[in-house]
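Right, one structure below, let's go through it.
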Amino acid sequence: METKSFSYLEKTLPFLLFPLMISSTSIDKQKLKIVLTGFICAVLLSYSLSLIAAVFHYFNSVPRWGRASDFFFHEQFTSGLFDIHPTYYSLLGCLATLFVFQITTKWYRFLIVLILTIFIILINARVTILIQILLIISFLLKYFFQGFTFRKLGLITGMGLIILIFIRVTNSIYDYPHRKMLVDVKSSWERSYATDISDGDGGLVTRFAIWRSAAEVIKRHPLFGVGLGNEKEALAFEFKKNNIPFLIQNSNNAHNQVLSYLISLGIAGCILLTLFFLILIREAYSKKCWLYFEFLAIFFIVSMTESIFNRGHGVAIFAFFNSLVLLKHVNQDE
């Protein structure tokens with residue numbers, strides 16, 4: 001199997017570059033707040049531009065599945081202007097939500113979080129919807145821990161009702177079975193054994209099929225893996241063996257970062273990388289920096305359904321904010 005390690009290392013170069021760049025700059029608490037505020041504003045602007053693009057496509061373009069309303073959801077929404085994978089695009093909204101809670105205590109933080117949540121629901125990536133819900137729950141626990149008032153209760157109740165109504169409305173419009181927020185895990189598992197699975201089966205079905213093939217690759221190369229950059233080729237061999245045309249055509253990765261590392265680096269490499277992240281978690285816990293702890297938790301959850309560090313977007317997002325929060329927040333005890 002021809003190795004593609006150099007190409008993979010080139011893609012993951014931000015892991016090295018961002019820490020070097022950020023550690024060499026002078027960023028105090030106030031400047032960090034400005035950077036995070038700029039990021040939040042940029043996310044809101046990009047989401048707004050995507051919405052404008054969706055309106056344009058609604059009136060001027062042909063939708064993939066014949067319904068013009070699809071331009072406001074999932075891949076057709078995220079590809080309308082910036083052409084970014086839905087999970088990574090909505091991940092930006094989750095990070096913006098996390099930082100909003102950190103940098104301001106003003107009333108408008110509720111409005112910002114509400115707007116971000118609405119866009120995340122439109123993007124319709126289940127894992128980031130889950131993360132957004134967990135972030136809001138975490139915030140509510142902290143908010144009420146500071147002292148209960150009926151004003152707080154009314155504000156949160158109103159916000160929750162708006163989100164629930166919006167979810168209900170969007171589910172009634174974007175009602176494809178494979179995009180429902182609640183899925184039948186048992187039927188998805190059974191369907192994943194079929195050779196004729198397709199895009200219409202949804203992400204969970206295809207992931208189950210991919211994960212079984214990934215397990216077979218890991219069994220054959222348990223200790224040191226197949227080498228960096230060879231993951232897709234190794235999986236493609238399994239897809240062909242199992243005769244799954246849809247997965248062969250799409251050249252899928254493992255859609256799980258742990259499985260990706262096990263395939264590429266084997267048990268030995270995966271243990272070393274796990275230790276690296278455990279050190280980061282220990283650092284966050286020892287400094288009682290819950291911002292960094294929640295940041296790591298976000299990427300851990302996403303990595304269960306995406307090989308997030310196999311894509312340039314995922315590497316860049318994590319490397320930049322990990323360096324920024326770890327070097328300029330945790331280590332300064334702020």
Side-chain angles (χ1 to χ4, degrees), residues 43-44 46-51 53-54 63-65 69-98 113-137 163-164 166-185 188 198-211 250 252-260 294-295 297-318 321:
V43 172
L44 289 170
S46 67
Y47 282 175
S48 300
L49 291 174
S50 291
L51 183 61
R64 182 185 305 170
W65 292 312
S69 60
D70 289 353
F71 285 116
F72 293 95
F73 299 94
H74 201 52
E75 286 183 327
Q76 294 190 72
F77 179 79
T78 62
S79 63
L81 185 63
F82 295 109
D83 195 22
I84 182 172
H85 189 283
T87 300
Y88 299 90
Y89 201 30
S90 54
L91 175 61
L92 295 175
C94 293
L95 291 175
T97 299
L98 175 64
V113 170
L114 179 61
I115 293 171
L116 289 169
T117 303
I118 287 173
F119 277 112
I120 289 170
I121 293 170
L122 288 177
I123 296 171
N124 201 243
R126 293 188 190 95
V127 67
T128 49
I129 292 174
L130 171 63
I131 290 170
Q132 188 71 359
I133 292 171
L134 292 175
L135 283 173
I136 292 173
I137 291 173
I163 293 173
L164 289 174
F166 192 77
I167 290 175
R168 181 71 176 178
V169 171
T170 54
N171 268 343
S172 65
I173 298 172
Y174 195 61
D175 60 354
Y176 296 107
H178 69 286
R179 292 310 319 164
K180 290 293 185 182
M181 292 186 188
L182 297 177
V183 295
D184 187 334
V185 176
S188 295
S198 66
D199 192 35
D201 286 307
L204 189 59
V205 172
T206 55
R207 279 171 174 78
F208 279 153
I210 292 169
W211 293 342
N250 284 276
N252 286 273
N253 58 37
H255 279 73
N256 179 294
Q257 195 60 59
V258 175
L259 291 179
S260 286
E294 289 172 319
F295 170 81
I298 288 172
F299 278 87
F300 174 78
I301 294 172
V302 173
S303 70
M304 292 298 99
T305 61
E306 296 289 339
S307 298
I308 191 167
F309 300 138
N310 289 21
R311 283 178 176 260
H313 288 137
V315 172
I317 293 169
F318 178 83
F321 286 109

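Put simply, the side chain of Leu91 reaches to within 4.5 Å of the side chain of Ile308, judged on heavy atoms. Taking 4.5 Å as the limit, every side-chain heavy atom of Asn250 sits out of range of all side-chain heavy atoms of Asp199. Looking only at side-chain heavy atoms (C-beta outward), Val113 and Leu135 stay at 4.5 Å or farther from each other. The shortest side-chain heavy-atom distance between Leu51 and Phe72 falls under the 4.5 Å cut-off. Counting heavy atoms from C-beta on, the side chains of Tyr47 and Leu116 come closer than 4.5 Å.
A donor and an acceptor atom, one from each side chain of Thr128 and Tyr88, are nowhere located under 3.5 Å apart. Gln257 and Ser307 share no side-chain donor-acceptor pair at under 3.5 Å.
Summarising the local packing, NE2 of His313 is surrounded by 12 or fewer heavy atoms from other residues, nucleotides or ligands at distances under 6.0 Å. Enclosure of atom CZ in Phe82 by more than 12 non-hydrogen atoms of other residues, nucleotides or ligands within 6.0 angstrom is indicated.
Ring orientation note: the planes of Tyr89 and Phe77 are tilted relative to one another, at an angle of 30° to 60°.
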- Candidate pair Phe318 and Phe295, rule ring-ring contact (aromatic ring centres under 6.0 Å, His included), full reasoning: CA-CA 9 Å; Phe318 178 83; Phe295 170 81; 5.7 Å; yes
- From CA spacing to verdict: side-chain contact (heavy atoms from CB on, under 4.5 Å), Arg207, Thr305: CA-CA 8 Å; Arg207 279 171 174 78; Thr305 61; 3.8 Å; yes
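When all heavy atoms of Thr87 and Glu306 are compared, the pair lying nearest together is OG1-OE2, 3.4 Å.
With Ile121 as the fixed residue, the side-chain contact (heavy atoms from CB on, under 4.5 Å) test singles out one of Val169, Asn171, Ile167: Ile167.
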